[in-house]
Structure formats: structure tokens, C-alpha cells
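Input: a single structure, listed below in C-alpha cells.
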Amino acid sequence: MTSSNGGLGRRRLLQLSGAALASLAAPAGAWAFSKIQPIEDPLKHYPYREWEDLYRKEWTWDSVGVMTHSNGCVGGCAWNVFVKNGIPMREEQIAKYPQLPGVPDMNPRGCQKGAVYCSWSKQPDHIKWPLKRVGERGERKWKRISWDEALTEIADKIIDTTVKRGPGNIYMPKRPFAVITNTAYTRMAKLLGAISPDVSSMTGDLYPGIQTVRVPARTVSTFDDWFTSDLILMWHKNPIVTRIPDAHFLMEARYNGARLVNISADYNPSSIHSDLFVPVASGTDSHLAAALVNVLIAEKKYKADYLKEQTDLPFLVRADNGKFLREKDFAAGGREDVFYVWDERTGKAVPAPGSMGSKDKTLNLGGIEPALEGSFEANGIKVTTVFERLKAEIAPYTPEATQERTGVHPTVVRQLAGWIGECKALRILDGYNNQKHMDGFQCGRLKILILTLIGHHGTTGSIDTTYEGWKLEGNSELTTIKGKPGRSVSAVLAQWVWGEQYERSKAYYGDSQLREELGFGVEDMEAMRKESEAKGWMPKWQSIKEPVVSITAGINMFATSNGYQTLRDNFLKRCELNVVVDFRLNSGAMYADIVLPAAGNTEKLDIRETSVTRFIHAFGQPVKPMYERKTDWQIVTALAAKIQERAKARGIGRVDDPELKSAIDFDKLYDEFTMDGKLATDEQALRFVMERSKALGPGSYEEVMKNGFVAVGPSAGKTAPVPKDKPYRPFTVNVTDKKPYGTLTGRLQFYVDHDWFQRLGATLPKPQFRGGVLGPKKYPFIRNSPHTRWGVHSFARTEQWMLRHQRGEPDVRMSPKAMTAKGLKDGDTVRIFNSAGEFFAVVRPMRGLPDNMLFTEHGWEQYQYKNMTHYNNVSSELINPLELVGGYGHIKYTSGAYNPNRIFYETTVDVEKA
């Protein structure tokens with residue numbers, strides 16, 4: 001384009017005019033920049049402009065190292081870190097992952113939380129040196145002390161507590177997501193006979209309902225396997241927000257013809273990309289799942305042959321007492337763990353192969369043709385099949401009957417059931433939110449039943465819960481100490497007792513309402529907890545020990561629990577020395593007596609293994625720990641050395657631990673921890689793990705430190721081998737090789753005839769109660785606090801750039817209609833409250849919310865709230881008695897698998913302008 005003014009284009013004229021105006025308006029000191037002139041074609045001619053060197057030097061570096069950011073994330077992403085003058089300056093994704101045939105690759109992996117890590121690590125809340133409290137707990141008054149001072153005080157207190165009060169009064173919660181970092185605390189806890197809580201139960205990340213069906217419950221396919229699905233149910237999972245590195249597989253699957261379904265109480269960003277949005281009312285998912293099962297069975301959209309081989313649905317159940325027909329029913333001395341099916345070929349009850357007590361360790365039925373339906377008589381005992389009982393108990397839950405509870409129209413349920421029945425590859429992405437409801441236990445069983453009825457479990461689909469973790473024999477060897485098992489507990493039960501949560505819950509929940517809805521109240525929960533501990537089903541350390549010394553690493557126990565303030569106050573009155581180890585001064589560290597500075601992500605030497613990718617990722621230590629920080633392995637090693645030193649100086653050696661039939665060797669603690677000095681350094685420990693793991697082996701250490709990641713071998717899978725040319729999918733060997741599952745029946749087990757399951761009406765998957773949230777009805781809003789886009793838990797939640805992408809302070813969201821009814825406008829500060837507590841936040845509208853929901857993403861620190869309140873102040877604890885059961889084959893206390901999961905979302909609140 002030309003014009004009459006000397007042939008200048010309009011754009012060029014505006015550029016020159018703007019530059020001239022800027023120079024006229026500039027103060028005298030700014031004339032140095034008057035030479036800034038636009039360059040017409042910089043590829044042909046570019047004058048040297050000295051002032052630009054300032055910006056060029058910003059993008060130079062001395063070295064490049066590798067790292068990952070998954071301290072609190074299950075993802076695993078490889079990044080380069082650019083280092084200048086020993087300081088990490090910026091990150092860049094490593095996009096070199098190999099591609100599998102016919103499947104989109106994983107390049108690049110990462111999210112905004114990782115991209116800002118180098119910036120975040122320079123903020124003042126990142127700890128530089130050991131600190132000791134000088135004011136009252138919570139006053140945030142500190143003095144700097146030396147490592148020797150800190151370790152000596154901790155070591156002496158551990159020794160004194162053990163000698164004076166007996167072993168087991170040391171408490172060590174930890175959750176740093178890195179291999180030797182995490183194992184350091186596990187190994188030390190076992191050597192000290194300390195209590196290690198299951199922090200997955202603390203954060204509500206268990207799937208105990210699914211654990212009753214299969215072992216293990218928490219397992220996933222690699223996320224590139226999503227692409228192979230033609231129907232994907234995102235059930236309380238919002239991957240567009242929370243699984244940023246992997247969400248593209250969903251979009252690519254959709255481009256490939258897959259249907260995406262979003263099942264959620266709120267219309268979230270993943271709903272936008274779905275073919276069907278199912279707006280289920282909060283706390284009623286078990287009713288929706290039951291309605292889907294009802295339709296699949298009523299319309300015979302199930303794979304009978306698959307069910308006969310892979311499940312307990314053809315197993316025989318006695319009509320008189322509701323128990324499985326067992327070998328002991330036929331003969332004195334018969335086994336409890338041998339079960340029967342009705343063989344249609346011979347017309348009699350025959351033992352089913354593959355159970356825990358069976359001599360035949362296979363699911364291969366041979367010449368047996370099990371009956372899936374029917375009633376029979378076996379040696380005078382009337383029996384029927386599990387499937388017949390399932391049909392009868394699921395029959396009332398039609399789409400029409402459940403609509404009032406779920407709010408989902410029957411046509412939507414039937415449409416979804418039709419899609420499920422006709423799909424060729426089903427994927428259920430089971431988010432954490434549902435497990436944090438009371439009905440999460442039964443809902444988990446129902447969800448996996450949906451997948452199983454149509455024959456997709458272990459074949460063409462999966463139910464993806466959290467992550468399995470690759471099998472690393474070297475880490476198992478490092479974790480295990482012969483003769484020193486340590487003390488494991490459910491974090492929920494420990495906090496129920498030490499935090500006096502029982503009293504808090506009794507005051508908040510209406511006992512009559514709970515009894516009407518559930519059939520039991522808080523008093524019953526406490527009685528059943530005690531009964532479970534007395535029977536030896538659940539560990540009882542919380543009832544006979546105290547957390548006199550607490551060493552917390554990588555987790556804020558108060559913020560990740562119900563009743564922040566109540567737990568904090570009651571826990572701390574039992575704790576005489578509270579030590580927090582972290583790379584950042586989180587709000588839990590405010591109440592510490594000693595704070596130890598751990599190395600951050602750029603400063604640690606470690607690996608992260610999760611089974612969402614086929615790779616191990618490296619914390620490659622691109623910079624050495626700055627200031628006085630130490631890696632966690634070095635911190636624990638130094639503590640072990642100090643305990644050994646102090647014990648020898650004080651003449652203290654072995655302290656017997658008769659409860660564990662073990663002993664604590666204080667004068668040999670460092671020697672035992674480091675295997676006589678062989679594991680004194682991070683590299684030694686990491687090589688020990690990698691070189692002894694079949695899926696990695698020699699040479700893998702060098703490869704992961706060079707490239708940032710290394711692929712695992714076939715043996716890495718815990719429930720199936722890792723294929724070389726396609727994504728990993730769990731439990732395939734149970735179908736292809738007829739390998740029994742780790743359950744009592746050896747099958748996907750949907751029937752549990754334990755006395756408590758019978759008493760609570762839960763022998764089969766079906767809704768546990770009428771549905772809805774159990775909080776007092778006088779509070780009109782349901783509180784929902786899912787994962788956030790702007791942090792990974794509290795990771796990056798205080799980062800300046802992340803805060804600039806949101807309101808910069810804690811907020812709550814409500815529907816515009818609810819805000820109008822309460823007289824609130826965008827940006828008002830509000831008080832959210834109930835009889836249990838309160839917190840303050842700014843309010844903003846969110847059109848995708850139900851009118852009765854108050855939505856606040858989690859991970860905020862207590863000190864970010866007005867008046868030092870917190871969103872967990874308003875929550876109270878509940879225990880599902882089904883999760884207290886033990887002594888039943890595979891249903892027993894297992895850390896990280898089976899024990900009471902934290903129930904967050906049975907809370908109701910009100911809101912008012914502050």
C-alpha cells in the first residue's frame with residue numbers, strides 16, 4: 001500500500017509518528033533511547049545497537065541441567081534448567097520423548113507451574129538455613145541456628161523420648177514425590193520404630209472401595225492409552241485444568257472418533273470439550289452409577305463369558321445366611337477360601353479355580369461351564385449366584401427412580417448407558433473428588449462394575465484412579481529393613497484420636513440426621529473404630545502412643561486435613577518437639593519448633609517414577625543446594641549420624657521394642673541407615689535403587705541424568721508387562737494369561753460377605769445411603785474444593801505469576817443467582833461459616849455452578865487468608881465403617897490402599913458479606 005506522503009505506508013507512518021511523539025514527551029534522561037528506530041527489514045540490514053546487549057546477556061547461561069517438578073504431581077515432565085553464576089534462571093521443556101507407532105507422542109510435557117519454578121524459588125518463603133522458634137508457636141518469630149545445633153536438639157529429644165516413654169512415640173509424616181527423598185524418611189522411621197502415617201488417606205487419595213474389587217486399586221494406564229478409547233468418561237476429573245501435560249490425548253482421541261463424557265456437579269472447562277455433560281447432584285454419584293448398572297443388566301448389555309471367567313458373579317451364595325458357599329460347608333476341616341460355582345455341564349457345585357485357597361492358580365475354567373443365573377441346591381444347601389443377588393439389589397435403581405436424587409434425566413442416563421453398551425474401548429477417568437464423599441466407597445465399586453460388565457477391564461479399557469508407580473526392586477530393597485518393620489497407621493485415624501476430631505464431628509453433625517441417612521452416627525463410628533482396633537483390623541498405635549516428636553517432610557498435615565485449627569491445637573499439645581522439613585516456609589511450618597531447609601527441585605539429585613508415562617524422570621541437580629539447604633537424603637543421613645554420635649556419647653545402645661519384637665540400635669543408627677557407609681551420598685543411594693531395579697539396570701543412571709528421562713523396561717508394570725510398541729494398560733495378564741487377581745476369590749470380586757458388610761447392607765455394590773451431602777440442612781451451601789489450575793496442591797500456590805493469573809488472594813465462587821439472593825457482588829469479601837468454623841475470601845460469580853454450591857479451589861496457605869483462617873476450618877471428620885474392616889483375605893489394613901479415606905465433602909456452610 002502507498003500514499004501521497006513520500007510513498008510511506010500507513011503503518012510505517014504511524015510507527016515513525018509514534019516514535020517522534022514519544023521522543024518529544026520523554027524527559028531529558030530518556031534521550032538515550034531516542035535512537036530506537038524501527039528496522040524495515042532486519043534480515044537484510046540490522047545496525048549494531050549497544051544498549052540491546054543488556055537483554056542479550058539475560059539469555060546467556062553457564063550450564064544446562066535437567067530436572068522435573070513432580071514433588072506434588074503424578075505427572076512427570078522433563079525440563080532443561082539454564083544456570084548462570086550458579087543460579088537457576090529459567091526452564092525449558094525437553095521435547096525428545098520417543099513416539100509409539102500410531103499413537104500421538106508426549107511432546108512436550110509440562111505446565112505453567114513448572115515453567116515458573118525458577119522464578120518462584122527466588123521468593124522469600126523459600127528457606128535458606130535452619131530456624132528455631134523463639135516466640136510462641138504460630139507467632140512466626142525465629143532465630144537462625146546451625147545445622148549442628150538443630151540436629152543435636154532433635155537427636156537428643158528422639159533418644160530421650162524413646163528411653164523414657166518407650167519406642168513408638170516418634171511420628172514421621174512425609175510426602176515428597178521423589179524416590180530416595182521419600183524412602184529416606186521411610187527407612188529412618190523403621191530404624192527408629194517410629195509411626196509412619198498413610199498420607200494418601202490424609203489427603204483423601206485412597207480408593208478403598210475399588211480395593212475390595214481388585215488389588216491394587218490405585219493404578220492407571222499410561223495416559224497415551226487414552227487415545228485408544230472410543231468412549232471416555234471423565235467422572236469428577238477435570239483434566240483440561242488438572243492434567244495439562246496429558247489433556248491433548250483426550251482431544252486427539254476425540255478427533256479420532258472417540259466420545260467424551262463429563263460427569264460433574266459443576267460445568268467445568270472439561271465439560272466444554274465433551275460430547276455429553278452429565279450434571280449429577282453433589283454426593284449422589286453412586287445413584288447415577290447404580291442406574292447405569294441397572295440399564296446394562298436389564299437390557300443384557302453385558303459379556304456373560306467374560307463375567308464367568310474374570311469375576312465372582314457366578315460364585316454361589318447361601319440363601320440362609322448370605323455367605324459364600326465354601327469348602328468348609330461340605331466337610332469338617334474344609335477351607336474358608338475355596339469357593340464354588342454351579343457347573344451347568346455336570347449339574348452340581350464345583351470348586352472355582354484361582355481363589356486364595358485353590359490349588360489351581362489360574363482363572364482357566366477348563367471344562368467347567370459356570371451358571372451366571374439361577375437358584376440351586378448343593379448338598380441340601382439352597383444357593384444362588386452373586387449375579388442373581390446383584391440383579392435383585394440393583395433393580396430398584398432405575399433411571400426414573402434415581403432422577404429425584406441425582407438430578408439427571410432418565411433419557412440422559414439411558415443415552416449414556418447405550419453408549420457404554422456399544423463402545424469398543426471404555427476408559428473411566430476416576431477423579432479424586434468422588435472418593436472424598438461418604439458414597440465414594442460404594443461408588444468406586446459401581447464404577448468398576450460398569451467397566452467389567454461390558455468386558456473392558458484388562459482388555460480394551462481401564463478405570464484410571466491415581467497412579468500405580470513402576471516396580472523398582474532397588475527401592476523395595478532400600479525401604480525394607482529386616483526385623484524392623486516400623487509402625488504404620490491410618491493418618492485419618494491418628495488425627496481422629498490425636499486431633500480429637502471425634503468430639504468436633506459429634507458437635508457438628510446431627511446424630512439423628514446421620515442415623516436416618518446412614519443407619520449410624522458419629523458415636524457408632526467411634527465405637528466401630530475401637531472394635532476394629534481391638535480385633536486387630538486397624539493399627540492401634542494412635543490409641544496407645546503420642547506424637548511426642550513429630551518430623552514432617554513435604555506435607556502440611558494441618559492444611560490437608562479437616563478442622564485445621566482443631567487438629568492443630570490438639571496435636572500440638574501432645575507434641576513436644578515439632579520439626580518441619582521443607583524447601584518452603586508453608587503455613588504448617590508456622591507451628592514448628594525447628595524448621596530444616598530442604599533442597600528445592602533444582603537442587604536435588606533424585607528420580608520420580610509414576611506410571612502415567614513409561615519414563616523415569618530426573619531431578620538432575622543442575623545447581624548444588626544454595627545457602628545452607630541440604631537434600632532430604634543428606635538431612636536424614638546427617639540426623640542418623642548425630643543420633644549415633646549422641647547415643648555413644650551418652651552411653652546408650654540398644655533399646656528393646658517388644659511390641660514389634662524388634663529393637664532400636666541408637667549406637668549403630670548411621671551405620672544401619674547407610675549400610676555401613678555405602679549409601680552415604682545421594683548418588684550412591686540413587687544408583688543403588690536404579691541398578692538393582694530390573695526395569696532400569698546399569699547405565700540407566702547416566703542416561704537419565706543426561707536426557708532428563710529414561711524409559712522403563714517390560715518388568716516395570718506391577719499388574720502387566722510394559723509393551724515396547726504400545727501404551728501400558730494394567731491387568732491384561734489376568735485376561736491373557738488367566739492369572740488370578742490378588743483378591744480372596746482370585747477374581748474381580750464384587751461380593752463381600754464379611755459380617756460388617758452384611759450388617760451395613762453393603763455386600764454388593766449399590767448406594768450406601770439415600771444420597772446428597774450429610775452436613776446439617778440449616779446451612780444452604782455445599783462446599784466444594786477441588787484441585788486448581790494455578791498450583792499442584794500448595795506447590796506454586798504463592799508464586800507471583802500464578803497469583804497474577806487469578807485474583808491474587810483466596811476466593812470463593814457462587815452462581816450469579818445465589819450471589820444476588822445473598823446481596824453479594826463480584827469482589828466482595830465474604831465470611832463462610834458453620835458451627836465448626838469460618839474463613840474469609842473474596843467472592844466471584846461462576847455461571848457453571850449449581851445454585852447450592854460454594855466453590856473454592858484448594859491449596860491456599862493459611863497465611864493467605866484474612867484473620868489466619870483456612871477453607872478447611874469449616875470441615876468435620878467422618879469415618880466410613882466399611883473402611884475399618886480387616887481379617888478378610890485382601891480386605892485388610894494396607895498403607896496407601898485400604899484404610900479410612902479422608903471424607904472432605906460432607907460439609908455444608910452459609911455465607912455472608914464480611
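Values in this document were obtained by computation on a predicted structure and should not be read as measured data. Start at 1 with the first residue, then count along the sequence. Heavy atoms only: backbone and side chains are in, while hydrogens, waters and symmetry mates are out.
No salt bridge links R770 with E404; every basic N to acidic carboxylate O contact stays at or beyond 4.0 Å. Salt-bridge annotation for R109 and D246: present, with a side-chain N of the basic residue lying under 4.0 Å from a carboxylate O of the acidic one. The pair R813-E857 counts as a salt bridge, with a side-chain nitrogen and a carboxylate oxygen less than 4.0 angstrom apart. No salt bridge links D205 with R218; every basic N to acidic carboxylate O contact stays at or beyond 4.0 Å. Here D224 does not pair with K726 in a salt bridge; the nearest charged N to carboxylate O distance is not below 4.0 Å. Classification of E309 and R747 as a salt-bridged pair fails, no side-chain N sitting under 4.0 Å from a carboxylate O. Ion pairing of E373 with K391 is present here, as a side-chain N (NZ or NE/NH1/NH2) and a carboxylate O approach within less than 4.0 Å. In this structure, E422 pairs ionically with R259, as a charged nitrogen and a carboxylate oxygen lie closer than 4.0 Å. We find that D230 and K424 are not joined by a salt bridge, their nearest charged nitrogen and carboxylate oxygen being 4.0 Å or further apart. For the pair D811 and R844, the salt-bridge criterion is met [side-chain N within less than 4.0 Å of a carboxylate O].
Side-chain contact check for M853 versus M814: every heavy-atom pair is 4.5 Å or farther apart. Y728 places a side-chain heavy atom less than 4.5 Å from the side chain of T719.
Within 6.0 Å of the NZ atom in K436, the count of heavy atoms belonging to other residues, nucleotides or ligands exceeds 12.
H69 and Y117 have tilted rings, their planes meeting at an angle from 30° to 60° on a 0 to 90° scale. Ring planes of H437 and Y905: tilted class, angle from 30 to 60°. Ring orientation note: the planes of F249 and W226 are nearly perpendicular, at an angle over 60° on the 30°/60° scale. Classified by interplanar angle (parallel below 30°, tilted 30° to 60°, perpendicular above 60°), the ring pair Y97/F615 is tilted. Ring geometry for Y267 versus F277: interplanar angle over 60°, hence perpendicular rather than tilted (30 to 60°). Ring geometry, H787 versus H858: the interplanar angle falls from 30° to 60°, so the pair is classed tilted.
Both the sub-6.0 Å distance and the 45° axial angle are not jointly satisfied by K718 relative to the ring of W470.
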Q: Before giving the answer on side-chain contact (heavy atoms from CB on, under 4.5 Å), spell out for T452 and L307 the whole-Å C-alpha distance, their side-chain angles and the decisive distance to 0.1 Å.
A: CA-CA 8 Å; T452 301; L307 299 181; 4.0 Å; yes

Q.
side-chain contact (heavy atoms from CB on, under 4.5 Å) for V278 and L276? Distances and angles first, verdict last.
A. CA-CA 6 Å; V278 183; L276 179 65; 4.0 Å; yes

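Side chains of S229 and R427: a donor on one and an acceptor on the other come within 3.5 Å. Between the side chains of R797 and Q806, at least one donor N or O sits under 3.5 Å from an acceptor N or O. Side chains of K447 and N434: a donor on one and an acceptor on the other come within 3.5 Å. N262 and D275 share no donor-acceptor pair across their side chains, judged by distance under 3.5 Å alone.
Formation of a donor-acceptor pair under 3.5 Å by the N901 side chain with backbone atoms of L206 is found in this model. Judged purely by atom type and a 3.5 angstrom limit, R608 uses its side chain to pair as donor or acceptor with the backbone of F177. With hydrogens and angles ignored, the 3.5 Å screen pairs no side-chain donor or acceptor of D737 with any backbone N or O of K739. A donor-acceptor contact shorter than 3.5 Å is absent between the side chain of E703 and the backbone of N707. At least one donor-acceptor pair closer than 3.5 Å links the side chain of N294 to the backbone N or O of I394.
With ring centers used as reference points, F223 lies 6.0 Å or more from Y467.
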